[in-house]
Amino acid sequence: PPCKARIYTNHWAVRIPGGPEVAEHIAQKYGYRNMGQIGDLRDHYHFYHSRTIKRSTLSSRGRHSFISMEPKVEWIEQQVVKRRIKR
Amino acid sequence: DYKSALPLSQISPAHSSVAQNNIFYNDAKWSSMWYIHCNDDVNNCQSDMNIMGAWKRGYTGKDVVVTILDDGIERNHPDLLQNYDPQASFDVNSNDADPMPRYDATNENKHGTRCAGEVAASANNTHCIVGIAYNARIGGVRMLDGDVTDMVEARSLSLNPQHIDIYSASWGPDDDGKTVDGPASLARQAFENGIRSGRKGRGSIFVWASGNGGRSRDHCSCDGYTNSIYTISISSTAESGRKPWYLEECSSTLTTTYSSGENYDRKIITTDLRHRCTDSHTGTSASAPMAAAIIALALEANPLLTWRDVQHIIVKTSRAGHLSAPDWKTNAAGYNVSHLYGFGLMDAEAMVKEAEQWKQVPSQHICMESADRQFRSIRPEHVLRSVYKATGCADNPNSHVIYLEHVVVRITIAHSRRGDLSINLTSPSGTKSQLLANRLFDHSMEGFKNWEFMTTHCWGEKASGDWVLEIYDSPSQLRSQKLPGKLKEWSLVLYGTSVHPYSSMHSSLHAEKQPRFTDMLQPVEEEFTEEYNGPCHAECNENGCEGPGPQHCNNCLHYFFKFKNNTRMCVSECPSGFFRDDRKRCKKCSSTCETCVGSRSDQCITCRSGFHFIEDSNTCVVNCGDGFYLDRDLHMCRRCLENCKKCTSSSICTECKPGMSLQGNKCQMTCDPGTYYNGHRRTCEPCHRACATCAGTGVEACTKCAEGYLLEDWRCVSSCSHGTYLLEQPLDNGQVQRSCKKCDNSCFECLGPGERNCSSCNSGYNLEAGACMVSTICKDANEESWAEGSFCVLVKKNNLCQRRVLQQLCCRTCSQKG
């Protein structure tokens with residue numbers, strides 16, 4: 001049977017108002033790479049961290065985790081792999 | 001096998017109109033596209049999606065953009081190349097603009113290419129097939145060939161929303177019959193952003209393949225994508241009209257298209273990977289792109305259609321036809337609906353015709369009814385029934401829902417085996433939707449945490465009234481302990497409009513297909529009112545009207561006024577000063593009442609300005625009468641204390657009722673002399689015989705002694721006790737108060753106050769001139785020394801000779817008189 005545990009990736013979704021420059025600055029501050037806005041969702045950005053485990057059953061912890069305490073970061077979520085099947 | 005361009009003599013009269021305008025394309029598999037050629041004698045399908053009918057009207061999807069969210073699209077496929085749109089494409093998995101699929105030995109990434117061909121494969125290019133919207137622009141998003149996360153879904157769903165009209169998705173959470181999953185926060189935001197601002201404010205169209213887990217006894221209500229009001233959930237039917245083995249049923253399905261069925265049923269032919277053509281496309285995956293293409297035809301007919309207009313048109317034009325389902329029913333709005341097929345098979349021609357003359361539906365109102373948070377036990381092998389009386393948010397014009405579209409029920413349930421649960425919802429009009437069926441393989445103990453179930457079955461019905469939620473617990477044999485579950489919370493979210501959605505349309509051209517909007521909720525066979533053909537007032541019920549105003553209704557939806565000329569006027573609520581009787585008629589309250597439950601003056605609920613409500617009497621007065629005081633905080637007359645005639649507050653009485661006397665701030669009964677008021681028994685009771693007046697029972701409670709009794713230490717006695725003397729004091733009223741006072745300490749008995757009025761002495765003392773002296777003989781007549789003598793003089797002077805020690809010490813001095 002498929003694994004039921006949550007599988008965390010090394011990608012994060014963040015909401016940072018203030019524009020792409022602010023997002024870029026925060027990404028660099030905490031060691032992330034800013035992959036750009038998520039689709040058409042304003043103020044939402046895709047952050048990628050190359051030095052964290054690509055797939056893990058544990059959510060990632062480290063210096064990079066302090067980004068969640070950054071005042072300009074309104075919301076942040078480490079991305080979890082979802083099981084999706086073609087019909 | 002298809003005999004193209006048949007001679008007229010060989011075509012039946014029923015199809016003569018088709019023969020005159022016979023469409024033929026040179027695409028290789030054109031003749032095998034059975035779901036397009038339904039109306040001829042060759043193919044088995046009895047109901048037609050009327051795609052050719054839409055084409056004949058000139059609609060082929062031109063200028064409409066569709067994207068397939070899947071595992072990629074072979075953009076250079078000969079049948080897709082012409083219509084490929086790079087602006088409607090992206091590779092989210094690799095983060096680049098090229099959505100070409102990843103090739104491998106198993107060709108596992110063929111899915112997107114197959115879906116795309118159904119939509120917009122070019123016509124008449126000798127290749128493969130003809131897409132249903134063969135002039136639409138087609139793109140693809142490669143997003144399933146890698147880790148699918150919330151962000152990946154959101155990026156895909158929000159790709160270029162001002163350019164892309166329709167997003168088609170043929171995937172979802174696992175259809176294993178035990179998964180409950182749906183879009184996470186980013187994907188939900190993408191949906192909401194899409195419908196709000198996509199397509200320049202008209203709203204993106206999201207088409208979704210319903211669940212494929214029929215064999216796993218799955219239920220598509222556990223799929224949050226198909227359950228969403230923002231997606232058009234598409235079901236499938238086989239060529240024979242029978243239910244395909246993979247089909248799931250649920251109340252969120254909106255409509256159906258053809259797809260594969262059993263082994264003997266034909267499958268869907270479409271473009272395949274590596275520039276090929278396949279006749280093996282199956283499942284609901286094949287139905288969603290078909291539906292997307294049919295919607296593209298409608299959007300070409302009317303590009304201004306909003307995302308809700310599209311759903312309305314689908315509901316209006318889909319037909320049950322020969323689709324086989326055991327639960328077809330007609331809801332109160334006259335629509336046929338089932339859990340397998342929604343409102344039935346899509347009809348492309350009807351949709352484009354409807355779209356041509358469509359006027360936008362009124363704005364969506366969202367009514368979130370109050371949550372029922374009472375915990376209820378769900379006992380095994382029993383049904384829990386909970387009723388909620390919805391108002392449709394009638395008190396808020398911005399969220400008032402009268403005419404329903406989607407209905408969402410949010411439920412939180414704790415249960416030891418989720419698959420044993422089934423849930424039904426019955427609308428006020430009696431339409432029952434199965435929100436959840438038993439799922440044999442779902443052994444989860446997680447229950448449902450604020451899960452949103454959605455039904456489309458009440459579309460067009462009235463929102464207000466009693467909604468009944470039923471939860472059945474049918475324990476499976478796999479459940480070891482039959483512990484009861486718990487319904488913790490449920491609430492209704494009603495989506496719809498406050499104005500009839502079609503009230504601005506004139507439907508006389510389609511009178512046979514559509515019911516007249518004046519009696520939308522009645523069968524078409526109803527008699528029409530010839531004088532008036534316009535829209536009815538919102539307060540009219542389904543019986544129609546004779547004019548536009550509330551006074552023209554044949555029957556009222558809520559309440560009404562009746563006038564002396566026997567006419568009526570419908571209202572949503574009886575205004576202040578009126579109450580509603582059993583027949584929903586508004587009648588006048590008493591002139592003192594602001595609101596009331598009847599016309600009498602003692603049936604007020606609140607009072608008019610200047611009047612005060614009397615506690616416990618439902619009456620309104622200008623001045624609080626005797627026995628009441630005005631509570632200025634509550635603006636009402638409240639009762640004084642018991643026996644109090646007038647008071648200033650609940651605890652301060654200022655005047656008592658007759659027969660009562662004010663005792664401090666309270667009133668007590670006035671009793672005759674010789675009696676006292678017993679508060680417990682509330683009666684006057686006799687005092688002790690020694691008391692002339694008293695405050696209570698017993699000789700100790702005397703306040704004045706009876707004749708012949710004397711007051712001694714707050715008691716009334718018949719004669720003074722030992723050690724007391726009688727004292728008579730004249731009073732101001734000429735009477736003499738007689739009391740007993742204590743004698744001086746030196747006396748045993750006395751006749752008066754002081755030490756010189758003793759009448760007898762204690763032992764050891766002799767009475768001498770009214771005083772008690774020490775009477776002991778000194779055993780020893782020793783001479784006292786001078787110091788002792790002086791000391792003893794002091795002892796005698798200070799009357800200390802009574803003390804035995806000093807008496808012995810100063811025996812001689814104490815014995816002397818004086």
Side-chain angles (χ1 to χ4, degrees), chain A residues 1-17 20 23-24 26-27 30 32-60 64 67-68 73-87, chain B residues 70-71 90 92 95 108-112 114-115 143-144 146-162 169-176 178-179 181 183-187 189-190 193-194 197-198 204 208-213 225 236 246 282-288:
Chain A
C3 177
K4 290 291 185 185
R6 299 189 99 191
I7 297 175
Y8 293 89
T9 67
N10 53 0
H11 298 266
W12 279 259
V14 296
R15 185 169 69 234
I16 301 173
E24 183 63 34
I26 290 173
Y30 293 96
Y32 292 87
R33 199 167 117 208
N34 180 11
M35 307 298 287
Q37 184 173 300
I38 299 173
D40 202 47
L41 301 182
R42 216 174 59 167
D43 293 339
H44 288 78
Y45 300 92
H46 169 195
F47 279 9
Y48 163 68
H49 202 294
S50 59
R51 289 182 177 269
T52 59
I53 299 173
K54 188 176 179 185
R55 285 172 140 236
S56 169
T57 56
L58 299 170
S59 70
S60 180
H64 61 281
I67 189 175
S68 60
V73 174
E74 283 185 355
W75 171 84
I76 182 165
E77 189 175 77
Q78 187 174 8
Q79 294 297 290
V80 170
V81 176
K82 292 179 173 295
R83 182 167 161 79
R84 294 289 179 257
I85 54 131
K86 301 168 197 174
R87 289 174 170 160
Chain B
D70 215 290
D71 54 15
F90 197 78
V92 176
N95 200 33
E108 69 169 302
N109 294 308
K110 56 184 181 283
H111 201 247
R114 290 185 173 194
C115 291
M143 45 81 65
L144 291 180
D147 288 341
V148 180
T149 63
D150 183 27
M151 185 161 57
V152 165
E153 292 179 7
R155 285 184 75 183
S156 309
L157 291 166
S158 61
L159 176 71
N160 215 347
Q162 304 312 322
S170 293
W171 50 268
D174 216 327
D175 291 330
D176 56 1
K178 47 189 172 184
T179 298
D181 195 8
S185 57
L186 291 173
Q189 278 189 63
N193 279 7
S197 57
S204 302
W208 221 274
S210 182
N212 239 23
Y225 299 88
S236 302
Y246 51 80
T282 59
T284 54
S285 286
S287 283

Verify side-chain contact (heavy atoms from CB on, under 4.5 Å) between B/W171 and B/N212, making sure each step is shown before the conclusion.
-> CA-CA 9 Å; B/W171 50 268; B/N212 239 23; over 6 Å; no

Contact part of B/L186 toward chain A, heavy-atom cut-off under 4.5 Å: side chain, backbone, both or neither?
-> both

Proximal component of B/S185, with respect to chain A [non-hydrogen, under 4.5 Å] = side chain

Do A/Y32 and A/E24 get their side chains close enough for a donor-acceptor pair, meaning under 3.5 Å?
-> no

Interchain contact, B/T282 with chain A, by part (heavy-atom threshold 4.5 Å) = backbone

Chain A contact via B/P173 - which portion, at a heavy-atom distance below 4.5 Å | both

Rounded distance [0.5 Å steps], CZ in B/R155 versus CG in B/N95 = 4.5 Å

Where on B/D150 is there a heavy atom nearer than 4.5 Å to chain A: the side chain, the backbone, both, or neither?
-> both

Can you check whether A/V73 reaches A/W12 side chain to side chain, under 4.5 Å on heavy atoms?
-> no

Checking A/W75 against chain B: side chain, backbone, both or neither under 4.5 Å from a heavy atom?
-> side chain

Which atoms of A/V81 come close to chain B, meaning under 4.5 Å heavy atom to heavy atom: side chain ones, backbone ones, both, or neither?
-> both

Are B/D174 and A/R83 close enough for a salt bridge, meaning some N to O gap below 4.0 Å?
-> yes

Just checking, is any N or O donor in the side chain of B/H111 or B/S170 under 3.5 Å from an acceptor N or O on the other one?
-> no

Between A/H11 and A/H46, what is the ring plane arrangement, given parallel below 30°, perpendicular above 60°, and tilted in between?
-> tilted

Which portion of B/D70 sits near chain A, non-hydrogen atoms under 4.5 angstrom | side chain

With respect to chain B, which residue among A/R55, A/K82, A/R84 yields the maximal number of heavy-atom pairs within a distance under 4.5 Å?
-> A/R84

